[in-house]
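After the structure tokens below, expect a handful of questions from me.
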2 protein chains.
Amino acid sequence: MPLLGRLVVDYKNYMINDFVSKDDLPFFTTYGRFITAEMYLKAGFKNTWATFDLFVRDLPEGRNFLVFAGLEHVVQYLQDFKFTSSQVKYMKDYMKLSPDTIKYLRLLKFSGSIHAMPEGSIFFANEPVIRITAPIVQCVLFEQYLANTVMLQTMLASKVARLVNVAKGVPISLTVIRTHGVEAAIKGMRAGYLVGCSKMASPILAMRMKMPPSGVITYHYFIQSFDKEEQAFEIYAKNYPGKGWMLVDTYDMDAGIKKVINISRRLGSNSFKGICIDSGDLIKHAKQARLMLDKAGLQHVEIMLMSNLEEYKIDKIVKQKTPVNWFGVATEVMTSADHPKLEVVYKLSEIIKGNNVIPKMKLSRSKATLPGKKQVYRLERKGIYQEDIIGLEKDKVKGKKLLHQFMNKGRLIEQLPSLDESAKYYQSQLIKFSPKIRLIERNYHYPVTISKSLRVLAHKTERLIRNSSK
Amino acid sequence: MPLLGRLVVDYKNYMINDFVSKDDLPFFTTYGRFITAEMYLKAGFKNTWATFDLFVRDLPEGRNFLVFAGLEHVVQYLQDFKFTSSQVKYMKDYMKLSPDTIKYLRLLKFSGSIHAMPEGSIFFANEPVIRITAPIVQCVLFEQYLANTVMLQTMLASKVARLVNVAKGVPISLTVIRTHGVEAAIKGMRAGYLVGCSKMASPILAMRMKMPPSGVITYHYFIQSFDKEEQAFEIYAKNYPGKGWMLVDTYDMDAGIKKVINISRRLGSNSFKGICIDSGDLIKHAKQARLMLDKAGLQHVEIMLMSNLEEYKIDKIVKQKTPVNWFGVATEVMTSADHPKLEVVYKLSEIIKGNNVIPKMKLSRSKATLPGKKQVYRLERKGIYQEDIIGLEKDKVKGKKLLHQFMNKGRLIEQLPSLDESAKYYQSQLIKFSPKIRLIERNYHYPVTISKSLRVLAHKTERLIRNSSK
């Protein structure tokens with residue numbers, strides 16, 4: 001292998017930059033979509049508009065609902081969308097796009113409208129969460145980023161929501177060491193915040209949110225750095241009194257707790273915030289730890305549990321009335337390891353040529369889509385949501401309309417809620433569903449139906465397509 | 001919910017920036033690690049150095065080997081590591097770190113050494129892929145980024161390698177629409193390139209690599225935009241002749257292929273690069289399509305198969321001698337959906353106080369670690385690798401040393417290979433293992449043992465720790 005020997009070199013010569021700036025995002029698509037854009041232009045679709053729906057085809061096994069997240073990034077992306085001059089040069093030199101296509105793309109800005117559910121909305125399979133109406137060439141270029149950013153954040157918000165629902169008020173701290181990258185970590189913590197995990201262990205997001213970070217545990221290597229475990233604990237008791245969580249299972253849990261107790265006797269009962277248990281039978285250990293601490297008069301010293309926790313383990317811990325004040329969760333949750341993807345799709349629902357609106361749909365049995373400009377109506381009775389109806393925008397269905405118009409002619413026309421407002425909105429919505437929606441051990445199917453007018457349009461559209469495609 | 005009505009607003013006021021620049025990375029850690037740094041300084045560890053190993057604890061079920069990737073980003077991160085003035089301000093105002101800690105951190109630069117396997121190396125559980133020796137306060141701060149970036153890229157390189165191994169030379173195109181973010185997409189495509197997927201459908205990485213993008217298929221919505229399927233195909237035949245892959249299953253596969261044949265008769269046999277099948281029984285459909293195309297004299301028109309492909313489906317397709325020229329893979333592979341995580345850990349192996357080197361290890365039965373400065377030796381016989389030995393650096397084991405020193409005193413001292421060189425290195429290594437390593441349907445356990453001197457050191461260290469921690 002060509003290792004060139006020992007010399008001082010500058011990696012920047014051959015480094016492939018992996019940082020993503022807003023300038024990069026218009027190229028987060030495929031070459032095939034650029035050629036599609038060119039083919040549309042060649043076919044005379046320059047002034048043709050279209051409506052596309054972004055939705056999730058199926059809820060993953062075991063998920064009773066999803067929490068919509070990522071709209072803020074979609075809006076940012078659409079507002080900023082513009083090719084840089086070096087991207088335009090790449091289109092010429094490497095993509096070999098035609099001069100007409102380049103001329104069209106180099107000035108392209110988003111000029112369409114966006115209807116969307118507000119972030120924090122609870123939604124179900126096949127319900128559009130974003131509806132975009134724009135020149136069709138634009139719609140093609142936006143697909144990949146919209147699907148990507150909505151998938152990641154919605155998947156993680158929906159996953160963390162399950163943990164919050166079973167933790168019954170015990171706070172959850174999110175660790176992002178093994179997410180799929182730093183961007184995924186930031187978006188994952190943001191998604192967690194949306195559904196109620198408001199403490200930030202990682203300063204990379206806490207600083208952006210202008211909030212203090214939190215959650216200090218001792219790490220194994222800190223404890224191992226000393227000859228004796230109690231030396232490590234003492235450093236925290238003396239220099240960070242009352243705020244640290246001592247990891248007590250590096251060597252022997254009972255012995256670890258006894259050291260915490262002894263130091264508290266010697267240096268004061270407010271030496272530690274809590275203890276942390278990271279291995280073994282968490283329920284048994286927590287009960288034992290609580291007894292030992294209480295007996296020593298340390299009722300205020302809290303217990304944090306971690307060790308590959310997910311919603312099923314947390315549910316079991318809570319149901320067994322385990323004394324626990326914090327849960328620490330990590331990779332299992334922040335990669336949504338049981339379902340690390342959502343089938344987020346972006347489907348054509350109509351073509352608009354001047355005043356002529358042509359509904360469109362896919363026919364294939366397992367992947368059929370719904371035509372037309374749609375709206376989702378949520379019906380409420382006695383303060384509880386009963387049913388969603390996917391209908392046409394022009395339908396006269398009673399019920400709350402879930403899709404709001406946020407952008408028109410490429411401009412934001414309705415202020416996006418802040419993340420705190422979205423988090424409150426999520427909570428306000430969650431309690432209006434049957435409590436069964438919050439169960440994790442069995443499925444609850446919230447009813448979603450299709451309005452009569454939409455069914456009629458779908459039948460009509462299907463007939464038209466079958467006739468013309470013969 | 002507080003939607004403030006219709007007005008033109010600027011989202012930037014409340015936007016949480018989700019872009020990651022190199023300046024952000026030093027904050028990609030936890031508050032707890034900053035406090036650990038402070039506690040180390042309080043405890044007099046300012047000039048204490050340590051060695052940490054980065055390794056994967058277990059191979060995921062079904063994986064016979066892993067491919068190391070991400071070193072380039074680790075080196076970049078370490079070379080660039082420096083807190084910005086606003087981060088320093090945050091440390092004061094929000095983290096409330098002591099003036100001494102701030103003074104130490106504000107000037108902190110990486111000053112240690114890095115031994116690592118070159119990217120593209122094949123490795124196994126418990127083998128250190130990166131060994132870092134540096135002031136212990138630095139080591140603490142680097143943990144999260146190192147584990148994160150190595151996990152993501154190694155996981156994806158190792159996943160894609162499995163597909164390449166069973167595809168038997170049929171090229172694979174990677175689609176990144178539903179990765180966990182844009183960074184994960186870029187790193188995933190880079191990882192794919194490393195193990196042999198050298199075509200780039202996405203310009204976001206192709207442009208950075210100064211290579212043309214490739215792979216143009218028709219999308220369903222393009223076909224749906226016309227009254228008749230053949231109109232869509234004709235646009236490609238006329239304006240992008242010989243380069244496009246026609247998706248033939250939007251309505252009816254046989255009818256779709258017949259339209260491709262008719263247009264080829266009318267406009268020339270070089271109208272299309274190929275056809276693309278995205279649903280149904282791919283093996284049956286591909287065989288049928290090949291027959292139809294060949295009969296029409298279109299032997300050169302290729303067949304691409306997609307539809308949630310992963311290594312098991314590809315293996316079956318190839319073993320059934322299916323006529324296929326390209327595979328398109330997406331979410332299933334690029335999220336490593338069957339194993340979306342690796343247990344990448346970063347463990348203390350020694351503490352260095354002046355001339356005093358104190359080996360360290362974790363004792364717990366399931367998570368024990370190995371002490372000391374280690375090296376991995378790979379033994380070869382008749383051109384085939386036989387066994388790896390994890391030993392001490394000073395061991396006199398015959399065999400290739402897998403860990404190279406890339407950095408010393410914070411500087412790069414050995415040029416990193418280019419991505420192309422790393423890709424060649426991977427191929428050159430793969431063929432030196434038993435072909436059984438490439439099987440996906442059953443496990444092959446390549447032997448990895450521990451050298452005698454390392455076992456002796458581990459026993460000695462364990463005794464010492466057990467005695468002193470009593």
Side-chain angles (χ1 to χ4, degrees), chain A residues 1-2 4 6 9 11 14 16 18-21 27-28 30-32 35-36 39 42-43 75 90 94 144 147 151-152 177-178 180-184 186 201-204 207-208 212-213 216-217 221-222 224 227 235 239 251 331 335 337 340-341 348 360 412-415 418 421 425 468-469, chain B residues 1-2 4 6 9 11 14 16 18-21 27-28 30-32 35-36 39 42-43 75 90 94 144 147 151-152 177-178 180-184 186 201-204 207-208 212-213 216-217 221-222 224 227 235 239 251 331 335 337 340-341 348 360 412-415 418 421 425 468-469:
Chain A
M1 79 160 276
L4 302 178
R6 295 177 178 276
V9 286
Y11 71 84
Y14 41 87
I16 297 163
D18 65 318
F19 296 114
V20 178
S21 75
F27 259 28
F28 183 61
T30 56
Y31 178 44
I35 296 297
T36 305
M39 295 301 116
K42 298 270 187 193
V75 167
Y90 183 87
Y94 289 88
Q144 183 162 305
M151 185 199 91
L152 174 61
I177 185 169
R178 289 186 211 87
H180 291 194
V182 180
E183 176 196 351
I186 292 176
S202 182
I204 198 169
M207 182 172 154
R208 287 161 200 231
V216 169
I217 63 164
Y221 46 71
F222 185 79
Q224 291 174 273
D227 285 342
I235 298 284
N239 297 289
Y251 303 112
T331 313
T335 60
K341 58 192 167 125
L348 178 67
K360 293 288 180 179
L412 194 63
I413 57 165
E414 175 155 317
Q415 182 139 13
S418 71
E421 286 167 341
Y425 180 67
S468 72
S469 69
Chain B
M1 79 161 276
L4 302 178
R6 296 177 178 276
V9 286
Y11 71 84
Y14 41 87
I16 297 163
D18 66 318
F19 297 114
V20 177
S21 76
F27 259 29
F28 183 61
T30 56
Y31 178 45
I35 296 297
T36 305
M39 295 302 115
K42 298 270 187 193
V75 167
Y90 183 87
Y94 288 89
Q144 183 162 305
M151 185 199 91
L152 174 61
I177 185 168
R178 288 186 212 87
H180 291 193
V182 180
E183 176 195 352
I186 292 177
S202 182
I204 198 170
M207 182 172 155
R208 287 161 200 231
V216 168
I217 63 164
Y221 46 72
F222 185 79
Q224 290 174 273
D227 285 343
I235 298 284
N239 297 290
Y251 304 112
T331 312
T335 60
K341 58 193 167 126
L348 178 67
K360 293 287 180 180
L412 194 63
I413 57 165
E414 174 155 318
Q415 182 139 13
S418 70
E421 286 167 341
Y425 180 67
S468 72
S469 69

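Letters A, B, ... are given to chains in the order of the sequence lines, protein chains preceding strands, and every chain is numbered from 1. All values below come from the heavy atoms of this structure, side chains included, with hydrogens, waters and symmetry mates left out.
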For chain B, the option from A/S202, A/P340, A/P203 that forms the most heavy-atom pairs under 4.5 Å: A/P203
Heavy-atom proximity to chain A below 4.5 Å, by part of B/I204: both
Any side-chain heavy-atom pair of A/F222 and A/I235 under 4.5 Å: yes
Segment of B/Y90 engaging chain A (4.5 angstrom heavy-atom cut-off): side chain
Heavy-atom side-chain proximity of B/F19 to B/E183 below 4.5 angstrom: no
Part of A/S21 lying under 4.5 Å from any heavy atom of chain B: backbone
Test side-chain hydrogen bond (donor to acceptor under 3.5 Å, both in side chains) applied to A/K360 - qualifying residues, sequence neighbours left out: none
Top of B/T30, B/L152, B/V182, B/I217 for chain A proximity - count of heavy-atom pairs under 4.5 angstrom: B/V182
Heavy-atom contact with chain A under 4.5 Å, split by part of B/T36: both
Residues that A/A147 engages under side-chain contact (heavy atoms from CB on, under 4.5 Å), provided they are two or more places apart: A/L54, A/V344, B/I177
B/D227 versus A/S468, closest heavy-atom pair with distance: O-OG, 3.1 Å
Heavy-atom pairs under 4.5 Å with chain A, option from B/T335, B/L348, B/N239 with the top count: B/N239
B/M207, part contacting chain A, at a heavy-atom distance under 4.5 Å: both
Check: A/H180 and B/M151 side chains under 4.5 Å, non-hydrogen atoms: yes
